[in-house]
Every structure is written in C-alpha cells, then in structure tokens.
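Note on naming: letters A, B, ... go to the chains in the order of the sequence lines (proteins, then strands), and numbering restarts at 1 for each one.
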Amino acid sequence: MINDKIKFVRNKRLLASRMDDEIVMMHPESGKYFALNPVAARIWELLETPHNLQEIVSKLLTEFDVTPETCKAQVSDFLENISEKKLIDKSE
Amino acid sequence: MKKNIVWLASYPKSGNTWCRVFLANYLSKSDEPVNINHLNIGAIFSSRQIIEDNTGFDISELTADECDELRSFAFEKWAENYDENAFVKTHDAFVTLPSGENMFPVRKTKAAVYFIRNPLDVAVSFANHLGTDPEKAAEKMCENKFCLAASKKKYNQQIRQRLLSWSGHVQSWTTQNNFPVLVVRYENILENSEREFQSILQFLNIPYNSENFIKALKYSNFENMKKAEQETGFKEKSPACKTFFKVGKSGYYKNILSENLIQKIINEHFACMKKYHYLSNSGELII
Amino acid sequence: MDKKMATTYTYSAFGINISSEIKIPEFLPSSGDIQVTVSYGEVPKKLDEKIINGFRFQISADEFIIRYKPWAAFYVCNGNKIIIQPEKDADENDIKTFLISSVIVMLLHQRGLLPLHASGIKVDNKAVLFAANAGVGKSTIALDLNRKYGYPLIADDVTVVSAINNLPVVYSSFPSAKLWQDSIEMLGLLNKDLPFIRKDVFKYRFDNRPAFFSGILEPLLIFVIENGDKENIEIQEIKGVDKFNVLRQHIFRAKMINEIYAVEHFKILTQLLKSVSCFKILKHNNSNTLNELSVTIQDTIKQW
C-alpha cells in the first residue's frame, strides 16, 4: 500500500500528448506506447508537480462523483501500475 | 533451425478448405464453431499483406516474378511467430523461381498435406468457382501456364499463383523430395472423414484429443459449413460464384459434363488419374 | 560504370530541392538551394551499424541500403544524399520508379519528417488528406474530388508532414499518380494513352500537373478510408488516443523501418492530430461506391 510519505511526479523523459480528453504517451527508451483515459489523464496533469496519494485523491473528489474509499483504492492501484511501467518517479 | 511450416496444398476445389475448417476447430479452445470467415489457422501463401509486412517492399511496383522472389523470405519470417505448426494454404504448384532457387521456404518446412480430387469433379466445382462453364474450366486444367489472380486490371489481395495443369500440379507436389508429403483424396474424406482427419493429425504429430476431435468433426461437416456460409457469407469465395460450399459430392460430374469433355479430361490426365485410382488399371472410370 | 560528365537536373518534391543525375520527369523543376543530391556511384556492400537487416535491405538511423535485383542498389544517407549503383542493362525507368517511391521515402524519414501513406487535396488554403492501405482507392478519391469539385491535388501516395514552431505543416509531393486499370475506367481516363509505371507492372502513371498545387499548407482534415462489407458508406469521427493509434498505422513503410524513427514520428503525429479532425470512412469493397464516397467527403468538407 502506498503511504503518504511518497510523492509521485511524471517521468520527464516520457513523450506525452493530449488527444481530446485522453493522453497518449511513449517511452522513448523502450519504444512502448501508453494511453490514459480521462480520469487517468487528470491525475497525469496533477503530477506535473510532486503529489502524494492523499493530495491526488482530495483533488479528484472535488471533480468526480466518487466515494473517498473507492477513489483512494483506485488511484493507489493506478499509481502502482504506472510506477511499475516507469511512467512516474517516486520520491520519499 | 525450427522447421514448422506445414503446407495445406491443393489444386483449387479439392478439399483444402474443408480440412482447414476441421483443423481450425480441432485446435480451437472454444466450444463454439470457428467462424469460417476468421479461420484462425495460418495464412495463405499468396497473401500480399504477409509478403509486404514481412519484407517491407511495396509489391505494387514489382512484377509478378519479382514478387515470387520475396515469398520464401516473407514466410520464413512470418513462421517465426509460431511455436508449433505454422499452417500455410496454397494453390501454387510446387515450382521454383526462374533462377532455379526455391520459391517455397523449404528449409523451414516441416511437411505438406496434399489434397487431391477426381479432376472430373474438380472441373464442375472449378467452373462454379470461376463463374464459367465446365468446358472453360477443363481447358484451364489442361493449361500449363494457368495462373490464379493474374488479373492486370486492379489491386488484388492475392498475388499471382502459377498452377500448371491439373496433372502438373499433382506431380509437382507429390514427386518433390524436400519434405514429407501426405496425399489425401477428397473422396476418402467424404467416405470416412474421421479416418482421414485422424491420419492427418498423426502424420503431423499433433496429439489426439477425442473431445476436440468429435467437436471438430461436427463443425466441419459439409452441411454445417454450407449453413454457415448461408448465414454469414464466406470471404474466400470468388466474386464470380454464388456459393463456395456447393454439392461437394463425389461423381457429381456425371450429371453435368458431356461425354466428350469427360474423355478429353481423361486423355489429358490419364497417368495421374490412374495413379490416384480415379481410373482402373484398364483405364475404366472408377467413380 | 563510367563516370560521364554528369548532367544534373534540379527538382522540388516534398518541400525539398533536389539535384539529380537521373532525370525525373515526374518532379517539378526548381531553382532553389539544393538540400539533397542524387547521383550514380558505388553503394556500400553493407552497413557497419545496422539496426535492421531485412530482405535485400539494411537500415541504421542515418543510412539505408536496398537492392532491387537485378536492376540497381540504392544508398541513402544523412537525409541529404542518394547514391544509385545500376546493374548492367538496368532500365532507367525502373530505377526512377523505385527512387521516387520507396527509396526517397527513406530519405524523408532520415530528415525527421513524417511521411504518411496518404493522398491529398487543397481545400481553400488547407490540406485534406486521405490515408488508406494499398488498394482501397487513395489516388482515385483524390482525383475524383479534383474532377468533381476542382480541389487542387497535393499528393498521390505519400504526404509529408512536418512541424514548424510546434505547428504542423503539410508539403505537397509531386504531380503524378499511379493508377490501376479499374481506377482509370472509373475516372474516365480511358482515352488517355497512359504508360505503365514499369514494364510488366500493370499500374499506370498519370501526370496531373495542371491540377497540382505545389507548396506548404496547414492541415485541416484527415479521412482514413477502409474497405468493409457493409452496403452503405459509414463515416465516423475518430477521437482521443484512437486517432493516434489509427494514423500510426499509416506511416509510410512503417513495417520496413519498424520503430527507428518513433520519437520524431510521435512528436509530429501528435502535433498534427491536435490541430486536425479525423474521420474514419468504411466503404464497400467494390468499385461502384466512388460517387457516393466523393459526395460524403464533400459534405463533410463543406460543413467544416
């Protein structure tokens, strides 16, 4: 589980571009492509500057109709997922 | 080097698709019949797309002979995507390039199953396929230079295929010794599809699974294939004919071909018809 | 081959000025500063640092060798030089045909441009592109829209896109189309005595100089055309990441270059797609739909 000491920020080497309300990304070293849906794209936007889990969840709760528990669980999963794929960097 | 290409070779209208429907269902994990328009079983040796994708060349600026030079490389590379049997359907005769080099990727070939059918029935079925009369179809079956997809008029997803005459086609595949060939008579599949399909699996060292076998036998039954075509159409059907899965019976030619035409086909293909038991030793028609 | 006192011709195509020892009547003449030279000479046997070793071709980031046996070998390097080594008895028309299609496109890739497998027309002062796989009818639809509505043509097979100051631009290619016999019939060009692109290759070359616009344009719309089996023509706007995924399939010779230029392509393609709308058109896989297709496209253009 991700604790709030960890801050996340975009991997600056990634190429990313908004396509309507989604984002397409490419990892220049691996050559892999990724797509973010509208909610994920919003999180990506926030991660231009370092954010921890709680900060992201708080922002999303004001914008999307979702319960705090669901939101936290899903954002947490998402962060782990894209962190594994090296789309974001972590710092303590 | 991995040898995993398996040819499903035949003159057109000789049971090739039937076997592919069987194999597709046998190898499918689903309980539902495999859609005949998505026979997820390998490729066709004349596929323009596979050749372009695996060589990078633009075929539309090449001559038919130049395209043939790309085929061996393209299919060797394509076959690397498969761990086991990479099935390739072909109506090409087993010919070499004008240079004498292989047109077929023989060094990656495991084996071939060659389907043969009474040329008298082929003539009837082929006429339907080409949207012409049996006389014209029979003429083509005697022509050494006959090719499929040779139209110069428009873009074609298939590249030109050299067929030789019917006998020439049979001989090209059955007398080559680059890899083992199992010859399967269409009439034998009609008579006992269970036995014939089993022997194909055995020949190719594909493990036997009775549940899959029964399922595949049922879904590749002629009536079922015909019904599937009525429901969804069949993309491999030539635009010139109305239905791909037609009659399918053996000896049907007797109702269609004239005495003259029958004699003409026999004269032309006598030796080959005798060898594969469409004529008795004394030259009498068996079927 | 003897090094004759080479005559050179100067041309413009894909927004580039080219000096060439081989005559290319399909290209437009030019007098601008030369950026690319095409000459006869010796092609290296192989590349030292190849990334892709394909069938009769090799590619590294800045170099490309391809052999069209038995006609000629081509060497393309640094986005500014093409060397042709013809075989004995090679036909100059064959060499030129390979040069102006597959070979020159590798030079475009090396120059960091985005060559799309698309034809194009000029609408007002903007570019409208038609991307499609071979055989779907890219050339035919562009020519038909020109014939019916008078839109100038800007490309037949390859359309080059670039980004200047983060804004996408489209360069016209050259005024010549390659057509199958059935397209010639549909377009009513039967009375013209057109030559084949090569001996024994049954595609015709059609010079469309009078209808051609040469220059740089801002892109407006992209239509991606596909064959389907539905009776009616279907048109649908493509949005989001789908847009990127669909258009990436239409990068010219994508299969040959694999992902060597992926970073450049990503940058230009996303710039392009941010400023244009994309429509996917499904048409029936037969010839009778050309008229309906043109009308559908014209309606969409007019609404824009």
Requested in this report: Go through the atoms of Leu179(C) and report whether side chain, backbone, both or neither lie under 4.5 Å from a heavy atom of chain B.
Outcome: neither
Report task. Nearest 0.5 Å please: distance from the OG1 atom of Thr97(C) over to the CG atom of Asp58(B). Result -> 11.5 Å
Requested in this report: Nearest 0.5 Å please: distance from the CH2 atom of Trp180(C) over to the OG atom of Ser60(B).
Outcome: 5.5 Å
Query raised in the report: Is Glu292(C) atom CD crowded by more than 12 heavy atoms from other residues, nucleotides or ligands, each under 6.0 Å away?
Result: yes
**Report entry** More than 12 heavy atoms from other groups under 6.0 Å of CG on Asp193(C)
**Finding:** no
Query raised in the report: Are side-chain heavy atoms of Phe98(C) and Leu62(B) found at a separation under 4.5 Å?
Result: yes
Query raised in the report: Counting only heavy atoms not in Glu101(B), do more than 12 sit closer than 6.0 Å to its CD atom?
Result: no
Query raised in the report: Between Ser101(C) and Glu61(B), does any side-chain donor sit less than 3.5 Å from a side-chain acceptor?
Result: yes
Query raised in the report: Quick one: OG1 on Thr55(B) to CE on Met256(C), what's the gap to the nearest 0.5 Å?
Result: 6.5 Å
Query raised in the report: Checking Lys199(C) against chain B: side chain, backbone, both or neither under 4.5 Å from a heavy atom?
Result: backbone
Query raised in the report: Has Lys280(C) got more than 12 heavy atoms of other residues, nucleotides or ligands less than 6.0 Å from its NZ?
Result: no
Query raised in the report: Measuring from Lys69(C):NZ to Glu69(B):CD, what's the distance to the nearest 0.5 Å?
Result: 8.0 Å
Query - Pairs of heavy atoms under 4.5 Å with chain C: top-ranked of Glu66(B), Gln157(B), Gln49(B) - result: Glu66(B)
Requested in this report: Kindly compute the distance separating NZ (Lys152(B)) from CG (Asp182(C)), expressed to the nearest 0.5 Å.
Outcome: 15.5 Å
Report task. Under the salt bridge (Lys or Arg N to Asp or Glu O under 4.0 Å) rule, what do Asp53(B) and Lys255(C) come out as? Steps first, then yes or no, please. Result -> CA-CA 6 Å; Asp53(B) 285 358; Lys255(C) 291 280 169 15; 3.7 Å; yes
Query - Side chain, backbone, both or neither of Leu70(B) within contact of chain C (heavy atoms, under 4.5 Å) - result: both
Query raised in the report: Are there more than 12 heavy atoms of other residues, nucleotides or ligands under 6.0 Å from atom CG of Asn81(B)?
Result: yes
Query raised in the report: To the nearest 0.5 Å, what is the distance between CZ (Phe57(B)) and CD1 (Ile66(C))?
Result: 3.5 Å
